[in-house]
Structure formats: structure tokens, C-alpha cells
Amino acid sequence: MLRINASGLRLISKSLNVQSVKAVKNIAIDDKDRLSKPRSQIKGVELLRNPSLYKGMAFTVEERQLLGIHGLLPPAVLSQQVQCHRIMENFRREKDDLSRYIALTNLQYRNEKLFYKVLIDNLELLMPIVYTPTVGLACQKYGIAFRRSKGLYITIHDKGHIYDVLCNWPESVVKAIVVTDGERILGLGDLGCYGMGIPIGKLSLYTALAGIYPTHCLPIMLDVGTNNQQLLDDPLYIGLRQKRVTGKVYEEFMDEFMDAVVARFGYNCLIQFEDFASHNAYKFLQKYQEKYCMFNDDIQGTAAVALAGLMTSLRVTGTPLEENKILFVGAGQAACGIADLVALAISRKANITFEQACSRIYMFDVDGLLVEDRPEGQLDGPKNKYTKQSLRPTKNLSDAVEQIKPTALIGATGVGGIFTESVIRKMGQLNERPVIFALSNPTHKAECTAQQAYEFTDGRCLFSSGSPFKPVELNGKTYVPGQGNNSYIFPGVALATTVFQSKHIDEEVFLIAARTLSEQVSESDLVAGQLYPPMKQIQNVSVKIAVEISKYYYETELASLYPAPYDLESYIRDQLYDTTYQSYVPNTWTWPEEHTKPKDFN
Ligand SMILES: NC(=O)C1=CN([C@@H]2O[C@H](COP(=O)(O)OP(=O)(O)OC[C@H]3O[C@@H](n4cnc5c(N)ncnc54)[C@H](OP(=O)(O)O)[C@@H]3O)[C@@H](O)[C@H]2O)C=CC1
Ligand SMILES: CC(=O)C(=O)O
Ligand SMILES: [Mg+2]
């Protein structure tokens with residue numbers, strides 16, 4: 001018998017122009033039909049199709065017998081190590097990064113433990129594929145890259161039935177969601193439903209960088225349409241073929257989504273907002289921050305990683321934070337998020353008001369320097385507080401640098417190459433050790449390359465970028481650029497929040513994360529010019545960040561896990577996902593006498 005759930009029927013009704021929602025409810029499937037089987041009961045070919053249980057040729061002979069998969073795999077039994085070797089051999093044979101992304105995604109959908117083992121063991125090589133920059137390319141080409149659905153797609157037509165759609169997700173324990181509506185994917189603009197690559201990529205890092213179980217993570221695309229005409233005309237487009245729904249209907253949809261998550265997964269299910277357009281990002285953060293367990297990664301995660309980079313750079317420049325002059329290029333969610341956290345840090349450190357701290361921060365947007373006599377409407381929103389009276393208006397960045405004489409230049413524009421040679425050279429003339437961050441993603445949107453930053457400052461700048469750049473050789477010296485990306489922050493924040501079940505995530509959490517991250521940079525990292533710990537230490541860094549945040553959660557009674565563990569760090573470490581395969585053979589199991597174990601098999 002054909003069975004359709006409520007949201008499915010509503011969608012069909014919509015497309016047929018039938019508005020019979022009453023009928024929809026009558027044939028909605030029972031809740032019990034939606035529940036997935038306990039993992040221990042999954043056997044046979046179903047097991048081979050379950051990525052969180054699948055081990056490929058690493059299933060032992062005993063397991064193959066017990067689980068009813070004997071004969072469904074080639075006879076050899078391979079170790080996970082050999083499997084990793086095969087994956088990497090194949091990876092190296094792929095002809096371009098998009099093919100590498102597709103190969104890794106296929107592995108993730110097939111064998112989750114192997115995917116994470118390979119990713120963690122080869123982080124420096126593979127992170128640029130599953131994350132920025134390649135994930136950006138994959139989102140642009142998602143119609144081609146798409147292989148199999150992962151996560152949930154909730155559309156504006158599901159309004160009124162979002163809880164039902166969430167109930168279709170087979171895992172009942174979901175601790176973290178990354179959600180986007182695809183309107184501002186990296187610096188690539190509105191990619192609509194193709195933006196699903198971002199929540200999937202971010203959650204892959206939850207597991208790889210912070211050991212959060214993949215089964216506890218849920219990527220969600222909220223498809224309210226797209227205003228990207230190229231996508232609407234793309235025959236491979238996977239989303240709703242309509243313009244974005246905005247205004248009251250969109251906001252009601254978002255409110256319903258937040259409540260439905262709480263109803264389905266509990267009030268401390270973490271919801272990470274990702275790559276919403278600036279106006280919505282701020283609006284939802286203000287509206288939901290105190291009501292739900294949520295944060296906005298582009299505003300708050302980015303703020304913490306950039307503040308950490310600044311704090312680290314001060315160890316080289318010797319200038320106290322409050323004595324720096326910081327010029328932001330771009331005045332959107334990333335820039336304002338950073339500026340607000342930096343101002344908070346300055347006000348705390350120098351014991352001055354937040355407003356006084358804002359006077360050290362300058363902004364330059366698409367219409368030039370933020371000065372008071374700009375036309376009405378150009379200074380609205382969170383950037384408004386960084387407007388200055390005493391400066392001359394200019395649309396020329398070099399001129400702005402000349403006027404302000406900043407010690408630090410931070411780009412978050414999504415405009416590749418906006419830090420021209422003359423801008424960078426000027427920073428080098430004004431400062432012995434200029435701080436230059438080109439935070440925009442993916443790589444071709446970076447405000448300058450690492451090579452340009454080091455070359456035009458004779459190797460003196462303290463540089464970091466949102467997407468990775470290779471080390472730069474200059475006059476016999478090697479400079480290792482840091483990756484100023486929120487991926488240093490959100491995994492640790494999510495780890496503390498999910499393990500200790502925090503009710504909310506406030507600004508203090510991001511100050512703690514920034515300080516802890518900066519403290520993880522060793523003197524030898526600094527000598528090489530690195531403002532962040534090396535990528536290979538990142539799991540450890542996430543745990544350290546989580547420990548410090550969890551102390552705060554207990555001090556402020558935000559944690560819900562009581563009694564508090566005596567040793568927070570070892571408690572966290574005990575919760576981490578392990579990529580080694582588990583045995584499916586019960587300890588008590590022995591080969592039946594009539595089927596003694598074949599001698600040739602281990
Ligand atoms: N490294 C990291 O961890 C992160 C990096 N980012 C990156 O930051 C970039 C910006 O993201 P986000 O803040 O969300 O985007 P927004 O759209 O919110 O902000 C972009 C800002 O850049 C300004 N801008 C656009 N063109 C120019 C120009 N030619 N000159 C000066 N300013 C300009 C815009 O001006 P106006 O306001 O006038 O339109 C706006 O203020 C993206 O590339 C994103 O990938 C984002 C989050 C994290
Ligand atoms: C890194 C990130 O979150 C962004 O570029 O949007
Ligand atoms: Mg983002």
C-alpha cells in the first residue's frame with residue numbers, strides 16, 4: 001500500500017493545486033512506522049547500506065556469518081589501515097578537486113567510520129576538499145555533485161507541518177543541527193538549495209575536529225526559493241523553482257522551525273545558523289539567542305577566530321589590544337560580528353565603555369568609509385556604531401588607510417583582490433608588523449593572497465586568511481599563513497554545548513573560545529608567522545576550548561548535566577567519537593561445532 005506522510009501529501013496537494021489539508025492528516029503515517037530499528041537488529045543487505053554500521057571488507061568472517069552478509073562481500077578480510085590506503089590511492093588518482101569532493105562524499109555515504117578515519121589522518125590535505133574552498137565549488141555545482149540525499153530539506157510548502165518533516169529523520173537523538181537557507185553561501189551569494197553542501201561540510205567538521213558523533217548531527221536546508229536566476233534556469237537544480245519567500249510568511253516559517261526542533265529533539269538541541277543573508281542572520285540571532293540553544297557562526301564564530309588571531313598577533317607587535325586601530329573592509333555580518341567582540345574585549349581589558357572601545361574601530365563598506373555625512377539609509381544596522389565624525393569621506397581604500405593609519409586591516413567583503421598592492425604596501429609603511437587578515441571565502445574571494453601580503457610587506461605582515469594558502473617562500477624564508485576560519489571555533493563550542501547540554505550560548509562563550517584558541521599558539525608557531533595552532537592539533541584545540549566553555553556553563557548554571565563531572569576534560573574525552581571499527585560479535589559468541597572457523601581466515 002502506498003503510504004505518504006503529511007508533508008509529502010501537502011507538497012503533492014500544492015503541486016496539484018489541491019488544498020485538502022484535512023485529508024493529509026488522515027493518512028499521515030503512524031509515529032511508530034517512522035522509528036528506525038535499533039542498530040543491533042540491522043542485518044543482511046540492510047546493514048551493508050547503513051553508513052554508520054558498514055565496515056566494508058573489514059567485516060570479519062564471524063561477523064559475516066552472524067550478520068547474514070556472508071557471500072555479499074569479496075572473501076578477503078582487510079584491515080581499516082589497508083582500506084585507508086586504498087581510499088588515499090584512489091583520492092590521488094582523481095583528476096580535480098570536484099571529483100575528489102565527490103569521491104569523499106561517496107565514502108561518507110557508504111562508510112562513515114572510514115571516512116572520518118581518512119579525514120582525521122589527512123586533515124591538512126582533505127579539509128580543503130570537504131570544507132573551503134572546494135565545498136564552495138561543490139555547492140555551485142551541486143546539481144552535478146549530488147549523489148545521495150543527506151540531511152533534511154524543509155521547504156516553505158512544509159509550513160504548518162515542519163514537526164512532521166523532522167519526525168521523518170530516522171535518528172531520535174539529534175544534538176546539533178546546522179541550518180541554512182542558502183542565501184549567502186561563503187562569498188558566492190544566493191545558491192538556494194545547492195547551499196546544502198555547507199551544513200553537511202560544517203557537520204563533517206563537528207565530527208572530524210571535535211569528535212561529535214555523526215549520528216547526533218543533522219544538516220538542514222530550509223528551502224524558501226532562490227533569487228538566483230541561473231539556478232532557476234538550471235535543469236539540474238535540486239530546489240524549489242521559485243523566488244525567495246520573504247517577510248511575514250518567511251518569519252513565521254522560521255519561528256515554526258525553531259519550535260519544531262525543540263518539540264522533536266529537545267530544548268538543548270544546538271542550532272547553528274550558517275550562511276543566511278546578513279539582515280536575516282542578525283535578526284534571527286537577536287530574536288532566538290535567549291530563547292533557544294543557538295548561535296550564528298558567521299557572526300559569532302568568525303568573531304572569535306578573528307579576535308584570537310588579533311590577540312596572538314599582539315604577542316609579536318607588542319601593542320596592547322586597546323592601543324590598536326583596526327580598519328574593517330566590509331561591514332556585514334562577519335565584520336560587525338568581529339568588531340563587536342573586539343570592542344567587548346577592549347572594553348573589558350581597558351576598563352572603558354563599549355562605546356569608547358568602538359572608537360578604535362573603523363569600517364569601510366561598498367560605499368566607502370563609514371563617516372557621518374553619508375546619505376540616509378547607508379548607515380543602518382550593526383555597523384552604525386562604527387561611524388566616525390572626524391574623517392573625510394572616501395571610496396578609495398588606500399586613501400582610507402592613509403587617513404586612519406590602522407595597525408590592523410581586516411577584510412570580510414567577499415570581494416577578491418580588494419587589498420591591492422598599494423593598500424598592502426601602505427600598511428607595511430605605517431607599521432613595523434602590520435596585521436592583515438583576508439577572511440573572505442572561498443580562495444578566489446580572499447582580499448589578497450598570502451604571497452601578496454608577505455611580498456608587499458617584505459615578509460613583515462602577520463597574515464591569516466579564511467581559506468587555506470600554501471606556505472610562501474620569500475628571500476630564503478618560509479612563511480606559514482594561518483587559516484582564520486570559524487572552523488577553529490564552532491567545533492569546540494558545539495562540543496561543550498552538546499556534552500553539557502547548555503540552555504543558551506552567550507557572547508562570553510566566544511570570548512572564552514577566542515582566548516583559549518590564542519593560548520594554544522606556541523612560540524615556535526609564532527616564529528613561523530602562524531597566528532593559529534597547526535591544523536593537525538585542531539582536535540586537541542577543540543577539546544581545550546570545550547573545557548574552558550564548560551567551566552563557564554557550570555559557573556553560570558547554563559549547563560543541564562548534573563552532577564557536574566569532577567574532571568571536565570576527561571569526561572569530554574570519554575564522549576568523543578572513535579573511528580576504529582567496533583566488533584559486532586558478542587564476547588560470549590563461539591563458532592558452533594558443526595561450523596568450525598575456516599583455518600585460513602583470521
Ligand atoms: N573566515 C571566516 O571564518 C569567515 C569568512 N566569511 C567571509 O566573509 C565574506 C563576507 O561575508 P558576510 O559578512 O557574511 O557578508 P555580508 O554580505 O554580510 O557583508 C559583506 C560586506 O562587504 C561589503 N562590500 C561589498 N563589496 C565591497 C567593496 N567593493 N568594497 C568594500 N566593501 C564591500 C558590503 O557592503 P554593504 O554593506 O554596503 O553592502 C558588506 O558590508 C564572505 O566571503 C564570507 O565567506 C564569513 C564568515 C566566516
Ligand atoms: C567560513 C564561513 O562560515 C563562511 O565563509 O561563511
Ligand atoms: Mg559561513
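This structure is a prediction, so every number in the text was calculated from the model and none was measured. Indexing begins at 1, ligand by ligand and atom by atom, following the structure's order.
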TODO: Mind telling me whether Y577 and Y213 have parallel, tilted or perpendicular rings, with 30° and 60° as the class edges?
DONE: perpendicular

Open item on the list: Please tell me whether D506 and Y552 have a donor and an acceptor in their side chains that are separated by less than 3.5 angstrom.
Closed with: yes

- [ ] Pull out every atom of ligand 1 sitting under 4.0 Å from any heavy atom of S278, numbered as shown with elements.
- [x] 18 (O)

Task: Element-labelled atoms of ligand 2 that are located less than 4.0 Å from some non-hydrogen atom of R184 - done: 6 (O)

Open item on the list: Only heavy atoms of D298, strictly under 4.0 Å: list the atoms of ligand 1 that pass.
Closed with: 47 (C)

Open item on the list: Give me the nearest non-hydrogen protein atom to atom 26 (N) of ligand 1 as residue plus atom name, then the distance to 0.1 Å.
Closed with: V415 CG2, 3.4 Å

Open item on the list: Tell me the protein heavy atom at minimum distance from atom 23 (C) of ligand 1, and give that distance in Å.
Closed with: G330 CA, 3.8 Å

Open item on the list: Testing the 3.5 Å rule here: is there a donor-acceptor pair between the side chains of T407 and N324?
Closed with: yes

Task: Residue and atom name of the nearest protein heavy atom (relative to atom 48 (C) of ligand 1), distance in Å to one decimal - done: T302 OG1, 2.9 Å

Task: N485 to ligand 2, any heavy atom closer than 4.0 Å - done: yes

- [ ] From the options K202, Q483, K445, select the one whose nearest heavy atom is closest to atom 3 (O) of ligand 2.
- [x] K202

- [ ] Distance to 0.1 Å, residue and atom name: give those for the protein heavy atom nearest to atom 6 (N) of ligand 1.
- [x] L439 O, 3.9 Å

TODO: Determine whether the side chains of E447 and S440 contain a donor N or O and an acceptor N or O closer than 3.5 Å.
DONE: yes

Open item on the list: Which label fits Y288 and F284: parallel for a plane angle under 30°, tilted from 30 to 60°, or perpendicular past 60°?
Closed with: parallel

TODO: Please work out whether any backbone atom (N, CA, C, O) or any side-chain heavy atom from C-beta onward of Q333 is under 4.0 Å from ligand 1, and answer side chain, backbone, both or neither.
DONE: both

- [ ] Report the relative orientation of the aromatic rings in F469 and F463; use parallel for angles under 30°, tilted for 30 to 60°, perpendicular for over 60°.
- [x] tilted

TODO: Looking only at protein heavy atoms, identify the closest one to atom 10 (C) of ligand 1 and say how far it is in Å.
DONE: A412 O, 3.5 Å

Task: Contact (N/O only, under 3.5 Å) between D298 and ligand 2 - done: yes

Open item on the list: Closer than 4.0 Å to some heavy atom of Y131 - which atoms of ligand 2 meet that?
Closed with: 1 (C)

- [ ] Could you tell me the angle subtended at the Mg ion (ligand 3) by OD1 of D298 and OD1 of D275, rounded to 10°?
- [x] 100°

Task: Among S440, A334, G484, closest by any non-hydrogen atom to atom 7 (C) of ligand 1 - done: S440

Open item on the list: At less than 4.0 angstrom from any non-hydrogen atom of G466, what atoms of ligand 1 do you find?
Closed with: 1 (N)

TODO: Tell me, please, if E274 has any N/O/S atom, main chain or side chain, under 2.8 Å from the Mg ion (ligand 3)?
DONE: yes

Open item on the list: For the residue pair K388 and Y362, would you count it as a cation-pi contact if the rule is NZ or CZ under 6.0 angstrom from the ring centre and within 45 degrees of the ring axis?
Closed with: yes

Task: Closest protein heavy atom to atom 1 (C) of ligand 2, given as residue, atom name and distance to 0.1 Å - done: N441 ND2, 3.2 Å

Open item on the list: Under a plain distance cut-off of 3.5 Å, with no hydrogens placed, do D96 and S99 share a side-chain donor-acceptor pair?
Closed with: yes

Open item on the list: Quick check: E274 and ligand 2, any N/O pair under 3.5 Å apart?
Closed with: yes

Open item on the list: So for ligand 1, is A331 a polar contact partner (N or O within less than 3.5 Å, distance only)?
Closed with: yes

TODO: For the residue pair E507 and Q289, confirm or rule out a side-chain donor-acceptor distance under 3.5 Å.
DONE: yes

Task: Between Y532 and D525, a side-chain donor and acceptor under 3.5 Å - done: no

Task: atom 3 (O) of ligand 1: the protein heavy-atom neighbour that sits closest, reported with distance to 0.1 Å - done: N486 N, 2.9 Å

Open item on the list: Which of the numbered atoms in ligand 2 are under 4.0 angstrom from any heavy atom belonging to D275?
Closed with: 6 (O)

Open item on the list: Taking E251 first and then K283, would you say they form a salt bridge - that is, a charged N and a carboxylate O separated by under 4.0 Å?
Closed with: yes

- [ ] Please identify which atoms of ligand 1 are closer than 4.0 Å to at least one heavy atom of I418.
- [x] 28 (C), 29 (N), 30 (N), 31 (C)

Task: Of the listed options R184, E183, H279, closest to atom 46 (C) of ligand 1 (non-hydrogen atoms) - done: R184

TODO: Record the part of K383 in heavy-atom contact with ligand 1 below 4.0 Å; permitted values are side chain, backbone, both and neither.
DONE: side chain

TODO: Give the contacting part of N486 toward ligand 2: side chain, backbone, both or neither, where contact means a heavy-atom distance below 4.0 Å.
DONE: side chain

Task: Shortest heavy-atom approach to atom 32 (N) of ligand 1 - which of D365, V329, L379 - done: D365

Open item on the list: Any salt bridge linking R374 with D365? Criterion: basic side-chain nitrogen under 4.0 Å from a carboxylate oxygen.
Closed with: yes

Open item on the list: Within the structure, is a non-hydrogen atom of F490 found at a distance of less than 4.0 Å from ligand 2?
Closed with: no

- [ ] Answer with yes or no whether the side chains of T312 and S518 bring together a donor and an acceptor at under 3.5 Å.
- [x] yes

Open item on the list: I'd like to check atom 38 (O) of ligand 1 in this structure: does the protein have a heavy atom lying under 4.0 Å from it?
Closed with: yes

- [ ] Starting from atom 16 (P) of ligand 1, locate the nearest protein heavy atom and write down its residue, its atom name and how far away it is, to 0.1 Å.
- [x] G332 CA, 4.0 Å

Open item on the list: Hydrogens and angles aside, do Q229 and K243 bring a side-chain donor and acceptor to less than 3.5 Å of each other?
Closed with: yes

Task: Y131 and K202: side chain donor to acceptor below 3.5 Å - done: yes

Task: Proximal ligand 1 atoms for G414, defined as those under 4.0 Å from one of its heavy atoms - done: 9 (C), 43 (O)

Open item on the list: Quiz question: by atom type and distance under 3.5 Å, do the side chains of S204 and Q108 form a donor-acceptor pair?
Closed with: yes

Open item on the list: If you apply the rule ring pair (Phe, Tyr, Trp, His ring centres under 6.0 Å), what do you find for F419 with F456, and how did you get there?
Closed with: CA-CA 11 Å; F419 293 175; F456 301 147; over 10 Å; no

Task: T302 side chain vs N486 backbone, donor-acceptor pair below 3.5 Å - done: no

Task: From L186, V366, I185 - option closest to atom 34 (C) of ligand 1 by heavy atom - done: V366

- [ ] Name the option, out of N485, N441, L188, that contains the heavy atom nearest to atom 45 (O) of ligand 1.
- [x] N441

Open item on the list: Do the side chains of E402 and R392 get close enough for a salt bridge, i.e. N-O under 4.0 angstrom?
Closed with: no

Open item on the list: I'd like to check which ligand 1 atoms, numbered from 1 as shown, lie under 4.0 Å from a non-hydrogen atom of G187.
Closed with: 42 (C), 43 (O), 45 (O)

